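Fair warning: this is a prediction, and the values are worked out from it, not measured in the lab.
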Amino acid sequence: MNEFLYFTSWFVPFYSLLGAILTLPWGMGIIQRTGPRPAAYFNLLTTLLAFFHSLFVFNDIWERDPKTLVVNWFQAADFNLSFALEISPVSIGAIVLITGLSLLAQIYALGYMEKDWSLARFFGLLGFFEAALSGLAISDSLFLSYALLEVLTLSTYLLVGFWYAQPLVVTAARDAFLTKRVGDLLLLMAVVTLSTLAGSLNFSDLYEWAQTAELNPLTSTLLGVALIAGPAGKCAQFPLHLWLDEAMEGPNPASVMRNSLVVAGGAYMLYKIQPLLALSPVALNALVVMGTVTALGATLVSLAQIDIKRALSHSTSAYMGLVFLAVGLEQGGVALMLLLTHAIAKALLFMSSGSIIHTTQSQDLTEMGGLWSRMPATTTAFVVGSAGMVTLLPLGSFWAMLGWADGLVKVSPWVIVVLVLVNGLTALNLTRIFRLVFWGTPQPKTRRAPEVGWQMAFPMVTLTILTLLLPLMLQQWYLLPSWESIDWYILLSLLASTLLGVGIGSTIYLHKAWSRSRILAWRFIQDLLGYDFYIDRVYRLTIVGAVALLSRISAWSDRYLVDGLVNLVGFAAIFSGQSLKYSISGQSQAYMLTILVVISVLGFVISLSLGLFDKLPF
């Protein structure tokens, strides 16, 4: 049985795809008498099968060597297009995480979207979403990974725009799609270039080619920058980061998947191409700069948000920035560990925030308060998720940060400063949100707020237990550093930043009567952070303005030059035709004379152009 499950583990993504297909009769309105619930149950069943299939393989795969399956997709003459699938502890572990979180998110969606008229369509999109993520996890081909990233882009567009009757939702879906297209277009250029240079797009062949490749600096730089553009868009990194904030207009169960798994999918792709990025020092430096700017900038921006989902989404960009920084410093193992711990903690935080939104019908932090005694399960989930996000001993993110910091003190000591700042500011932000939502005096929208039903409480409780047990799981997988190798100065610095952030967040003055400070200096800082350093306005004045100007110039030239020339020719033909009709005499000799004169003139012009008169003796 184990052998059969192991050799069929490549089929796991098709479970989710099958679930998405089974929802079509309900999603398309072919079946209406039963309501949309059966579609959700079919999708839940296929996700459950995928989870247990991958879990059984994961328990057995530690004793096996990684295996690669090559599938020949198209072959003609010398052209051979194939893609490889990787069966290893990392890939199967990623599928376990994807299917497990997707299963919990779908159970959560049963309660959150209970009365939504298009529930079947939502579950079909989630199945499509999960299939692409699972395929990306086991993909060992750059070509297949790019194709699956495109499927994720389409899925993101459809899920963000799920409530398409709302103008803000349509705008958010459009911006998310177009922003990702910028990075995907550059990534496609890199894929085509590598297929020409390396002759193969399977990662194993690309790694072997990268060891002996000799590229000129310009080629390696352009190739490296193009390779990181796609993951930068997927992970909402500067300057392609604004879409994730707007994508919070979509349903919260989709936000759970997006902030925990989709952004991690882009980072996982970056981890896979790390040996290729080593060809270009400029690309590695670009990763370091991009990750540092996003980590610090997004963390600061999250402090000024009064929308609970947007405050958490900016921290997602910040932690993905840390992953980019880790890959730029060639610390791939630490990046994977940070992705694991962040995915579980962030999914728990978004589930708890979704429960708050579902109960209070509000996302505004200034309209909340006093929920800790009315929603104990949600409060516990938020506290544990927040603790799992920051370096609080002994939870998962503490070991991820510590494992990254260890060994970099002497090589890049400034990285520790970035980690301490991001960790401390994240602790401050989460404490601020906790005080505004759960502490203080109940507000009109929270005074009678009940706890959510079991469909939403069960996934939160499950993830709460998983977050608390994650350190034991890491120890069982031998991923925790030994106490002898720990740098105690770094450990104390990380713990001190967490305690300092919690302390400041617990004592800072928070007033709900206004969303902007009445002190001019603080109001300027608050607006600067609240409007994301006015980056959207800078884009509007520069890139968007330049495109709009070029569009106006193009429209003017098309209207007055291209169309004007065509209209001039047409007008000349009409005018000449109208003029010639008055020359009709009915005499055939006049017509013949006209034809001969025209032919003579044409012959004379052609002779001049050919230079025939130059050959005459006179």
**Complete:** Only residue of Val420, Val422, Ile416 satisfying side-chain contact (heavy atoms from CB on, under 4.5 Å) with Val418 is Val422
**Message:** Side chains of Asn423 and Thr498 only: does a donor on one sit below 3.5 Å from an acceptor on the other?
**Reply:** yes
**Prompt:** Is the backbone N or O of Gly369 less than 3.5 Å from a side-chain atom of Arg435, with the two atoms forming a donor-acceptor pair by type?
**Reply:** no
**Set of residues satisfying ring pair (Phe, Tyr, Trp, His ring centres under 6.0 Å) with respect to Trp243, sequence neighbours excluded** = none
**Request:** Assess whether side chain to side chain contact (heavy atoms under 4.5 Å, CB included) is satisfied between Leu104 and Met351, documenting all intermediate values.
**Result:** CA-CA 10 Å; Leu104 294 176; Met351 284 187 180; 4.0 Å; yes
**Prompt:** Does the side chain of Leu110 reach to within under 4.5 Å of the side chain of Phe123, using non-hydrogen atoms?
**Reply:** yes
**Request:** Answer yes or no: is there a side-chain heavy-atom contact under 4.5 Å between Met320 and Gln237?
**Result:** yes
**Message:** Using the side-chain contact (heavy atoms from CB on, under 4.5 Å) definition, which of the options Ile433, Val383, Ile356, Thr446 pairs with Phe438?
**Reply:** Ile356
**Asked** What's the shortest heavy-atom distance between Thr46 and Gly19, and which atoms?
**Response** OG1-CA, 3.4 Å
**Message:** Would the distance check show the side chain of Tyr268 and the main-chain N or O of Ala137 forming a donor-acceptor pair, the cut-off being under 3.5 Å?
**Reply:** yes
**Request:** Quick one: list whatever passes side chain to side chain donor-acceptor pair (under 3.5 Å) with Asn252, sequence neighbours left out.
**Result:** none
**Donor-acceptor contact below 3.5 Å, side chain Ser353 vs main chain Phe350** = yes
**Request:** Using a cut-off of 6.0 Å, state whether more than 12 heavy atoms not belonging to Phe524 lie near its atom CZ.
**Result:** no
**Message:** Looking at Phe162, I'd like to know if its CZ atom is crowded, meaning that more than 12 non-hydrogen atoms belonging to other residues, nucleotides or ligands lie closer than 6.0 Å.
**Reply:** yes
**Prompt:** Quick one: are Arg258 and Val160 in side-chain contact, heavy atoms under 4.5 Å?
**Reply:** yes
**Request:** Rounded to the nearest 0.5 Å, what's the gap from OG on Ser315 to CG on Leu425? Could you check?
**Result:** 11.5 Å
**Prompt:** Hey, what do you get for OG (Ser255) to CG (Leu349), rounding to the nearest 0.5 Å?
**Reply:** 13.0 Å
**Request:** Could you label the plane-to-plane angle of the Phe238 and His241 rings as parallel, tilted or perpendicular, counting under 30° as parallel and over 60° as perpendicular?
**Result:** tilted
**Message:** Is it true that, when you exclude Met473 itself, more than 12 heavy atoms of the residues, nucleotides or ligands shown sit nearer than 6.0 Å to its CE?
**Reply:** yes
**Request:** Report yes if the side chains of Glu114 and Arg37 come closer than 4.5 Å at any heavy-atom pair, otherwise no.
**Result:** yes
**Prompt:** If every non-hydrogen atom of Ile357 is compared with every non-hydrogen atom of Lys309, which pair is closest and at what distance?
**Reply:** CD1-CD, 3.4 Å
**Item:** Evaluation steps, side chain to side chain contact (heavy atoms under 4.5 Å, CB included), between Phe51 and Ile95
**Value:** CA-CA 8 Å; Phe51 174 70; Ile95 290 184; over 6 Å; no
**Prompt:** Is it the case that more than 12 heavy atoms not belonging to Tyr164 sit under 6.0 Å from its OH atom?
**Reply:** no
**Message:** For the OG1 atom of Thr341 and the OH atom of Tyr319, what is their distance to the nearest 0.5 Å?
**Reply:** 8.5 Å
**Request:** Check the angle between the aromatic planes of Tyr112 and His358 and answer parallel, tilted or perpendicular using the 30° and 60° thresholds.
**Result:** tilted
**Prompt:** With distance as the sole test, does Gln305 use its side chain to make a donor-acceptor pair with the main-chain N or O of Leu303 at under 3.5 Å?
**Reply:** no
**Request:** For Leu339 and Tyr271, run side chain to side chain contact (heavy atoms under 4.5 Å, CB included): C-alpha distance rounded to whole Å, both residues' side-chain angles, the deciding distance at 0.1 Å, then the answer.
**Result:** CA-CA 11 Å; Leu339 286 176; Tyr271 164 78; 5.9 Å; no
**Asked** Taking only residues two or more places apart in sequence, or in another chain, which ones meet Phe129 in a ring pair (Phe, Tyr, Trp, His ring centres under 6.0 Å)?
**Response** none
**Request:** Drop me the distance from His314's NE2 to Leu529's CG, to the nearest 0.5 angstrom.
**Result:** 10.0 Å
**Item:** Those residues that, when tested against Arg374, pass salt bridge (Lys or Arg N to Asp or Glu O under 4.0 Å) (two or more places apart)
**Value:** none
**Message:** Treating Thr294 as the side-chain partner and Gly291 as the backbone partner, does any N or O pair qualify as donor plus acceptor under 3.5 Å?
**Reply:** no
**Message:** When you measure from the side chain of Trp399 to the backbone of Pro394, do you find a donor-acceptor pair of N or O atoms at a distance under 3.5 Å?
**Reply:** yes
**Prompt:** Is there a side-chain contact between Met389 and Lys346, using heavy atoms and a 4.5 Å cut-off?
**Reply:** yes
**Prompt:** In Å, rounded to the nearest 0.5 Å, how long is the span from CG of Leu133 to CG of Leu261?
**Reply:** 6.0 Å
**Asked** Are Pro36 and Phe122 side-chain neighbours, meaning at least one heavy-atom pair lies under 4.5 Å?
**Response** no
**Fill in**
In short, Ala105 meets Val256 closest at the heavy-atom pair CB-CG1, 4.5 Å
**Request:** State, to 0.1 Å, how close Ala381 and Thr464 come at their nearest heavy-atom pair, and which atoms those are.
**Result:** CA-OG1, 3.7 Å
**Request:** Just do the side chain to side chain contact (heavy atoms under 4.5 Å, CB included) check on Leu187 and Ile228 with the steps written out, would you?
**Result:** CA-CA 7 Å; Leu187 180 59; Ile228 66 178; over 6 Å; no
**All pairs passing side-chain hydrogen bond (donor to acceptor under 3.5 Å, both in side chains) where residues 170-181 contributes a residue, at least two apart** = Glu150-Arg181, Thr156-Lys180, Arg181-Asp184
**Item:** Polar side-chain atom of Thr47 near backbone of Leu103 as donor-acceptor pair, under 3.5 Å
**Value:** no
**Prompt:** Do Leu17 and Pro13 come within less than 4.5 Å of each other through their side chains, counting heavy atoms only?
**Reply:** no
**Complete:** Rounded to the nearest 0.5 angstrom, the CD1-CG distance for Ile344 and Leu395 is 11.0 Å
**Closest contact, heavy atoms only, Ser317 versus Leu244** = OG-CD2, 3.6 Å
**Request:** Provide the closest heavy-atom pair for Ala318 versus Thr299 in the form atom of the first, atom of the second, distance.
**Result:** CB-OG1, 3.2 Å
**Prompt:** More than 12 heavy atoms of other residues, nucleotides or ligands under 6.0 Å from CH2 of Trp372: is that the case?
**Reply:** no
**Prompt:** Given side chains that start at C-beta, do those of Phe434 and Thr379 come closer than 4.5 Å, heavy atoms only?
**Reply:** yes
**Request:** Under the side-chain hydrogen bond (donor to acceptor under 3.5 Å, both in side chains) rule, what do Ser118 and Asp116 come out as? Steps first, then yes or no, please.
**Result:** CA-CA 6 Å; Ser118 53; Asp116 199 292; 3.0 Å; yes
**Prompt:** Taking only residues at least two apart or on different chains, which pairs with a member in residues 449-460 satisfy side-chain hydrogen bond (donor to acceptor under 3.5 Å, both in side chains)?
**Reply:** Thr378-Glu451
**Item:** Side chains of Glu130 and Ser134, donor plus acceptor under 3.5 Å
**Value:** no
**Asked** When you check the side-chain N and O atoms of Thr359 and Lys445, is any donor under 3.5 Å from an acceptor?
**Response** no
